[in-house]
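Numbers here simply count residues along the sequence, with the first being 1. Indexing begins at 1, ligand by ligand and atom by atom, following the structure's order.
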Amino acid sequence: MKEFLRKYSQFMIGRYGVDDLFYFFMAFLIITGFFPFRIFGKVLFVIRLLVFAFAIYRYFSRNFTARQKENTLFLKLFGPVKKELKYQFGRIVNIKKYRYRRCPKCHQQLRLPIKKGKHTVECPSCHHEFETHIYF
Ligand SMILES: [Zn+2]
């Protein structure tokens with residue numbers, strides 16, 4: 001086993017390895033692996049195969065510049081999605097403590113304490129005041 005690891009690390013010298021895009025591809029492959037084959041079928045199978053091949057190609061690639069460009073582009077595109085997912089996840093985690101509203105003027109997300117009824121809220125970033133209702 002030690003010999004294998006030594007050979008493997010020698011083999012990986014000068015190769016790209018993992019980055020955020022690689023983890024994204026792996027997450028995609030794992031999640032789509034749970035999709036029922038009968039519904040998504042052969043098209044998804046081909047897409048998964050291509051994603052897997054591309055991920056492996058990138059992993060062993062020696063062209064660092066091109067791989068880093070791909071990763072930068074991915075982060076630029078996926079950044080806002082990741083932020084929104086994190087926000088929505090936070091809403092679920094804090095459902096017993098807070099309610100979330102967006103400022104109608106600047107779209108800043110506001111975290112409000114749970115006080116039932118109608119309230120006037122002032123946005124901390126643009127100082128716009130607006131009415132909101134917390135139902136439960
Ligand atoms: Zn605002």
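Hydrophobic clustering, defined by side-chain heavy atoms of Ile, Leu, Val, Met, Phe, Trp and Tyr closer than 4.5 Å, groups Leu73 together with Leu77.
Between Glu122 and Lys105, no side-chain nitrogen of the basic residue sits less than 4.0 Å from a carboxylate oxygen of the acidic one, so the salt-bridge criterion is not met.
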Show me the donor-acceptor pairs within less than 3.5 Å that the side chains of residues 128-136 make with the rest of the protein, sequence neighbours left out.
from: Glu131; atom 1: OE2; to: Thr120; atom 2: OG1; distance (Å): 2.9
from: Thr132; atom 1: OG1; to: Arg101; atom 2: NE; distance (Å): 3.2

Please output the side-chain donor-acceptor pairs of residues 45-56 that fall under 3.5 Å, not counting sequence neighbours, one pair per line with the distance.
from: Arg48; atom 1: NE; to: Thr32; atom 2: OG1; distance (Å): 3.0
from: Arg48; atom 1: NH2; to: Leu29; atom 2: O; distance (Å): 2.7

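Between Tyr100 and Tyr87, the angle of the ring planes goes over 60°, which puts this pair in the perpendicular group of the 30/60° scheme.
Near-neighbour remark for the Zn ion (ligand 1): protein N, O or S atoms under 2.8 Å are Cys103 SG, Cys106 SG, Cys123 SG, Cys126 SG; waters not counted.
In this structure, Phe64 has its ring center under 6.0 Å from that of Tyr16.
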